Participant: 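Submitted below is the structure of interest, expressed as C-alpha cells.
Predicted, not measured: the structure shown is a model, and the values here were computed from it. Start at 1 with the first residue, then count along the sequence.
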Amino acid sequence: MMIATRLARGLIGVIALSPFPGLAMGQTPAPAPAPAPAPAQPAVLTKVEVFPSDIQLATAVDRQAVVVQATYADGITRDVTPEAEMTVADAKLVRREGTTFWPLADGETTLTVAFGGLSQVLPIKVTQATAQTPISFRLDVMPIFLKAGCNTGSCHGAARGKDGFRLSLFGFDPDGDHFRLTREMSGRRVNLALPADSTFIEKATGAVQHSGGKRVEPGSEMYQTLHRWVESGVPNDNAATLPKVVSVDLYPKQAVLDGKGATQQMTARARYSDGSDRDITRLCLFLSNNEGSAAINPDGLVTAGERGEAFVMARYETFTVGSGMIVLPKGLKFEAPSEPEVNYVDKLVLEKLRKLRINPSALCDDETFLRRVSLDIVGLPPTVEEYHRFIDSADPAKRAKLIDELLERKEFSEIWVNKWAELLQVKSSIEVSYKAMFLYYNWLVESLSKNMPMDQMVQNLLGANGGTFKNPATNFYSGTGGNLLLTENVAQVFMGMRIQCAQCHNHPFDRWTQNDYYGFAAFFSQIGRKVGEDYRESIVFNSGGGEVNHPVEGRVMQPKFLGGETPDVAGKDRRVVLAKWLASSDNPWFATSFANRVWAHFMGAGIVEPVDDFRVSNPASNPELLAALGKRLTDSKYDLKTLVRDICNSRTYQRSTQRNESNATDELNFAHANLRRIKAENLLDTISAVTDTKDKFSGLPLGARAVQIADGKSSTYFLTTFGRATRETVCSCEVKMEPTLSQALHLLNGETVNAKIRDGGLLPKLAATKKFPEERILELYIRCFSRKPTKEEIEKLQPVLGEGSNQAQAMEDIFWALLNSREFLFNH
C-alpha cells in the first residue's frame with residue numbers, strides 16, 4: 001500500500017511546530033529576546049602600546065613608522081598615534097617626520113611615547129647613518145610589482161602574461177623576471193640612456209597606453225625607485241649573498257573598533273637573515289577578507305564598516321601575515337552574562353563572545369541533549385528505553401555519565417573508522433584489489449577500536465613497508481596517482497593544508513613556496529613499488545634512490561619539513577623520518593588540524609573552515625581555542641576520547657539552537673548550537689533503527705550498518721543521493737551535506753522510508769500492545785525525535801485518529817510524516 005497519501009503529506013506541516021523553531025532548511029532561527037543591557041559606564045584607559053616595540057635604523061635610506069594603540073576597560077581599542085606625545089632622548093641621532101623616524105647619526109637612544117597618563121619607552125639604535133645602499137632588484141624593485149598588482153594572475157602574472165609581457169606570479173622567479181624585463185626585448189622595455197622613457201615605467205605611470213591603467217604615480221617613491229634602478233644599469237642581485245626575508249610582522253595584532261568610520265593605521269616590518277629589519281609598510285600589498293566590516297587602503301589604513309569581524313593581511317615577498325579586526329556598533333552597551341565555565345572550551349569561547357558583545361544561547365533541554373549527543377557519538381538515536389532511563393534520572397551528573405557510556409560503545413569507533421576511511425580514500429580500484437582494500441579497512445577498525453593514539457597510527461601508516469596483504473597500512477601508498485599527489489594528500493590530511501598551488505608557483509595567499517613544496521615532496525621520492533607473488537598484492541619498500549628537482553632552477557631538492565628544518569636523511573627511510581616529525585609535538589599543525597576536525601564533527605563547523613584549508617588568509621575564528629584543543633590532544637597522548645569528553649561536556653556544545661538578539665547572525669563563534677543535517681550513512685542507520693529494520697550491503701551480513709561499509713566504491717541510491725563521500729579525493733568537500741530536491745523526493749516517494757515502515761512491522765507490534773492511539777503516537781515521537789509530542793501536535797493529530805477512521809492507515813501516515821519531517825533529518 002502506498003503510504004504517502006494526501007493526508008500524510010498534510011501531516012508534515014503538523015509535526016514539530018513549536019519546540020524547534022528554525023529547523024527549516026536554510027532558515028535562520030527566530031531570535032529570543034535579549035536581556036535588557038545595563039547602563040554603560042565611562043570606559044577607562046587601561047593600556048597604551050607602541051608598535052613596533054623597538055626602532056632599528058641602518059643606512060641613510062632606512063626609516064621606521066610607529067603606531068600607538070590605546071586599549072580601554074571595555075575592550076575597545078583606538079589609534080591615538082596623532083594625539084600621542086613622542087619625545088626622543090637624543091634628538092641628534094634621529095629626525096622625525098610625522099610618525100616616521102629617520103637616521104641622522106650612529107648611536108643609541110630612546111623614544112618615550114605618552115598618552116592619557118600612560119607611557120612606553122622604546123629603544124632606538126642607529127648604525128651606518130650616512131651609508132648609501134645600492135639599489136636591489138629583489139629587495140626594492142620586485143616588491144613594487146606586487147604592490148602595484150603587476151604580477152598578479154589577472155595581469156602580467158598570468159601563465160601566458162598579458163599584452164605580450166609576462167612576470168612570474170607573485171614574483172616566484174626573480175631571475176626570470178629580470179631577464180624578461182631587460183633582455184627578452186632588448187632596448188624596448190628599459191632605456192638605459194633615458195630611464196624615464198623606459199616602456200615599463202611609461203606604462204606604469206600611464207604616460208603611454210596601458211590596459212592596466214596608471215599603477216605608479218609620477219614622482220612618487222615607487223617611481224623614483226624604478227627610475228634609480230634603470231639609471232644604475234638595471235643590476236641583478238647575487239642571490240647567494242643577498243639577505244633573505246625570514247619573517248614579516250604586521251602591527252597591531254588585533255583591534256576592536258568602535259563604530260563605522262573608526263580607523264586603525266597598520267605598520268609592517270620585515271626581518272632579514274643578516275639580522276637587519278626594514279619598515280615595509282609602503283611596499284606591502286594590503287588585503288582584507290571582509291571589506292564590508294574592515295576595508296584597508298594601499299597605505300595600510302583600516303576603516304571600520306558594518307558590525308563584524310575581518311582579517312586584514314599584508315603580503316610581502318613569499319610572506320602573508322594578518323591581524324584580526326572586530327567592528328562594533330558605535331557606543332554599543334553590553335554587560336557580559338555571568339555563567340559557569342565547565343572547562344577551557346567554555347572559557348575561551350566566552351572570552352571571544354565578550355569581545356564581540358555577544359550573549360550565548362541558553363543550554364538545551366535534556367531531550368535535545370540526549371538525541372544530539374547520541375547521534376554525534378554513536379551515530380544512532382536513543383532507544384525508547386534509553387530515553388526513559390535518562391529523562392527520568394534525577395542525577396545532576398547524568399549528562400557527563402551518558403557521554404562516558406556512549407564513548408565505550410563500539411559504534412563510537414565505527415564513526416571514526418568511517419571518517420578515516422574517507423580521508424585515506426579506502427576503496428577498491430584497478431590499483432587496489434578488493435582484498436587489499438578490505439584488509440586496509442580492518443586495520444583501521446582494529447587501530448581505532450583499541451583506541452590507538454593518533455600519532456602512533458599515523459606513524460605506522462606513513463612509515464609502512466611490506467605487502468598490502470601482510471601489512472595493510474601500506475595501502476596508503478597504493479593508487480594515489482603519483483608522488484606529487486601523495487605529497488599534497490599528506491599535507492591536506494595530516495596538517496589540514498592545501499599546498500597544491502605551490503607546485504607551479506608560490507602560494508598566492510599563504511607562506512608556501514615552490515621550495516617548500518618540492519622539499520616536502522622529496523620525502524616521497526624513494527618509494528619503491530612492485531607486484532607481489534599474488535598479483536592482487538603490491539609491495540611497498542624504500543628503494544634508497546630517487547630525487548626531486550626544482551622545476552624552475554633544476555637543482556636537487558633536499559627533504560625539508562613544511563615550515564620546519566631540513567633533517568638528516570642519509571641512509572634512512574625518508575618516510576619514517578617524516579612520520580616521526582609529522583605526528584609529533586614538533587609539528588604545530590598535526591594536533592590542531594585533527595582537533596579542528598573533531599570540533600567540526602560535534603559543532604557543525606570548524607574553528608578553521610573548511611577543516612582542511614589552514615592558511616594565513618583563512619584564519620581560525622578562535623585561535624586560542626584551537627591552540628588549546630591541540631595542546632589537550634597532545635597532552636593526552638593523542639587520545640581521541642579525552643578530546644571528545646572535553647567538547648561534549650562543555651556548555652558550548654550543550655547550548656540550544658534557539659538564538660537571541662545578539663547572536664542571531666553569528667555563524668562563526670559558537671554562541672549557539674548549529675542545526676546540522678545528519679550525514680548520509682548515519683541517516684540511513686537512524687531510519688533503520690527507528691523502523692526496526694535491517695539492511696543488507698555488499699560484502700556485509702544482514703543487519704550491518706551503513707557506516708560499516710568498507711569500500712568507498714560500494715554505495716546505494718539512498719547513500720549517493722544524500723551525499724556519501726566517493727573517496728575520489730581527500731578533500732573534506734567529498735561529503736555533501738547540502739539538502740537537495742532529489743533527497744526530498746526520495747524520502748517522500750522512494751522505497752527507503754515506505755518499505756521500511758512496511759517491513760519493520762513496528763506498527764502492528766504497537767497495535768498488539770492494546771495501547772491507546774495517543775500512547776502509540778507518544779512512542780513514535782520518542783523513537784523519531786527523542787521527545788514527547790506537544791499539546792498542540794496532539795490536538796491536531798486527534799482528528800486523524802477519530803472514530804470510524806482507519807486506525808492502522810492513520811498510524812502509518814503519522815509515522816511516515818515523522819520520518820519525512822525536517823526535525824528528523826537534522827541534528828539539533
Side-chain angles (χ1 to χ4, degrees), residues 138 168-176 239-240 242-248 272-273 315-321 458-459 461-463 476-477 480-528 542-590 593 612-616 730:
R138 295 181 185 229
S168 61
L169 185 66
F170 296 108
F172 72 86
D173 181 17
D175 288 330
L242 192 72
K244 295 178 175 58
V245 180
V246 294
S247 67
V248 171
Y272 293 82
S273 55
R315 182 174 177 87
Y316 182 74
E317 286 201 358
T318 62
F319 292 84
T320 301
V321 295
V458 171
Q459 288 179 6
L461 196 68
L462 292 180
F476 179 74
Y477 294 104
T480 54
N483 288 344
L484 292 185
L485 181 57
L486 177 63
T487 300
E488 297 166 5
N489 287 352
V490 168
Q492 192 164 346
V493 170
F494 302 114
M495 294 191 287
M497 294 176 177
R498 301 179 182 182
I499 64 171
Q500 291 88 331
C501 289
Q503 180 180 349
C504 301
H505 50 75
N506 294 342
H507 200 296
F509 301 115
D510 210 345
R511 61 181 293 186
W512 309 120
T513 66
Q514 283 188 303
N515 288 343
D516 294 318
Y517 181 95
Y518 289 98
F520 196 60
F523 283 107
F524 306 102
S525 63
Q526 298 183 350
I527 300 174
N542 176 34
S543 68
E547 301 294 347
V548 171
N549 295 325
H550 194 286
V552 176
E553 303 168 7
R555 58 189 169 90
V556 173
M557 300 299 296
Q558 296 300 311
K560 184 177 183 294
F561 301 138
L562 274 179
E565 61 183 13
T566 302
D568 178 16
V569 295
K572 303 175 183 177
D573 187 331
R574 294 180 177 184
R575 294 174 299 124
V576 174
V577 174
L578 173 64
K580 289 181 178 179
W581 170 82
L582 185 68
S584 73
S585 56
D586 294 333
N587 173 12
W589 294 286
F590 174 70
S593 66
D612 53 2
D613 194 12
F614 277 60
R615 52 184 159 85
V616 173
V730 300

Participant: Are any of the side-chain heavy atoms of Thr487 and Phe523 separated by less than 4.5 Å?
Facilitator: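 No; the side chains remain at least 4.5 Å from each other.
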Participant: If we check side chain to side chain donor-acceptor pair (under 3.5 Å) with Thr320, which of these qualifies: Arg615, His507, Arg315?
Facilitator: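 By the side chain to side chain donor-acceptor pair (under 3.5 Å) criterion, Thr320 pairs with just one of Arg615, His507, Arg315: Arg315.
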Participant: Please report the closest heavy-atom contact between Gly463 and Ala579, naming both atoms and the distance.
Facilitator: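 Closest approach of Gly463 to Ala579, heavy atoms only: N-CB, 4.2 Å.
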Participant: Has Gln503 got a side-chain atom pairing as donor or acceptor with Gln514's backbone, closer than 3.5 angstrom?
Facilitator: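 No.
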Participant: Which heavy atom of Ser525 sits nearest to which heavy atom of Val548, and what is that distance?
Facilitator: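 Looking at all heavy atoms of both residues, the shortest contact is CB-CG2, 3.7 Å.
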Participant: Answer whether the closest heavy-atom distance between the side chains of Pro567 and Trp581 falls below 4.5 Å.
Facilitator: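 Heavy-atom side-chain distance check fails, nothing below 4.5 Å.
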Participant: What closest approach, in Å, do Pro588 and Asp586 show between heavy atoms, and which atom pair accounts for it?
Facilitator: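 The pair with the smallest heavy-atom distance is CD-O, 3.3 Å.
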Participant: Within the 4.5 Å heavy-atom criterion, are Leu462 and Phe494 side-chain neighbours or not?
Facilitator: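 SC-SC contact between Leu462 and Phe494 confirmed.
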Participant: Arg575: which residues meet the salt bridge (Lys or Arg N to Asp or Glu O under 4.0 Å) condition with it, sequence neighbours left out?
Facilitator: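 Salt bridge (Lys or Arg N to Asp or Glu O under 4.0 Å) list for Arg575, sorted by chain: Asp573.
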Participant: Start with the C-alpha distance between Leu486 and Ile527, add both sets of side-chain angles, then the distance that settles side chain to side chain contact (heavy atoms under 4.5 Å, CB included), and finish with yes or no.
Facilitator: CA-CA 11 Å; Leu486 177 63; Ile527 300 174; 3.6 Å; yes
Participant: When you compare the side chain of Glu547 with that of Gln526, does any pair of heavy atoms fall below 4.5 Å?
Facilitator: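 Yes. Closest side-chain heavy atoms under 4.5 Å.
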Participant: Between Ser273 and Pro243 (side chain of the first, backbone of the second, donor and acceptor by atom type, cut-off under 3.5 Å), is there such a pair?
Facilitator: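 Side chain of Ser273 to backbone of Pro243, a donor-acceptor pair under 3.5 Å: no, none is there.
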Participant: Assess whether atom NZ of Lys560 is packed by more than 12 heavy atoms of other residues, nucleotides or ligands within 6.0 Å.
Facilitator: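 More than 12 within 6.0 Å, yes.
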Participant: For Val493, which of Val458, Leu461, Val730 qualifies under side chain to side chain contact (heavy atoms under 4.5 Å, CB included)?
Facilitator: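 By the side chain to side chain contact (heavy atoms under 4.5 Å, CB included) criterion, Val493 pairs with just one of Val458, Leu461, Val730: Val730.
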Participant: Can you tell me how far CG of Asn542 sits from CZ of Arg574, rounded to the nearest 0.5 angstrom?
Facilitator: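 Going from CZ on Arg574 over to CG on Asn542, the span is 8.5 Å.
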Participant: Within a strict 4.5 Å, meaning less than it, do heavy atoms of the Phe524 and Leu578 side chains meet?
Facilitator: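 Side-chain contact under 4.5 Å: yes.
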Participant: Give the minimum heavy-atom separation between Ile499 and Ala491, together with the two atoms involved.
Facilitator: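 Answer, listing the atom of Ile499 first, then Ala491: CD1-CB, 3.9 Å.
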Participant: Given 3.5 Å as the limit, does a donor-acceptor pair link the side chain of Arg511 with the main chain of Val616, or not?
Facilitator: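 No, the answer is negative, given that no donor and acceptor are paired below the 3.5 Å cut-off.
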Participant: Does the side chain of Leu582 reach to within under 4.5 Å of the side chain of Val490, using non-hydrogen atoms?
Facilitator: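 Yes, close enough: below the 4.5 Å cut-off.
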Participant: Can a side-chain donor-acceptor contact be found between Asn587 and Ser584 if the only test is distance below 3.5 angstrom?
Facilitator: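 No, no side-chain donor-acceptor contact under 3.5 Å.
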Participant: Using a 4.5 Å cut-off on heavy atoms from C-beta on, say whether the side chain of Leu242 contacts that of Tyr272.
Facilitator: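 With C-beta onward as the side chain, the pair stays apart.
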Participant: Please identify which of these residues, Val552, Leu484, Asn549, Thr513, meets the side chain to side chain contact (heavy atoms under 4.5 Å, CB included) condition with Tyr518.
Facilitator: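 Of all the options given, the one that passes is Leu484.
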Participant: Quick check for you: to the nearest 0.5 Å, what is the distance between His505 atom NE2 and Tyr517 atom OH?
Facilitator: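 One finds 11.5 Å between NE2 of His505 and OH of Tyr517.
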Participant: What distance separates Leu562 CG from Met497 CE, expressed to the nearest 0.5 Å?
Facilitator: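 So the CG of Leu562 and the CE of Met497 are separated by 6.5 Å.
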Participant: Going by heavy atoms in the side chains, are Met557 and Asn515 under 4.5 Å from each other?
Facilitator: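 Yes, their side chains come closer than 4.5 Å.
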Participant: Holding to side-chain hydrogen bond (donor to acceptor under 3.5 Å, both in side chains), I want the full list of residues that pass it with Gln492, two or more places apart in sequence or in another chain.
Facilitator: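 Expected list: Gln500, Asp612.
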Participant: Specify the closest pair of heavy atoms between Trp589 and Gly563, including all atoms of both residues, with the distance to one decimal.
Facilitator: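 Looking at all heavy atoms of both residues, the shortest contact is CH2-CA, 4.2 Å.
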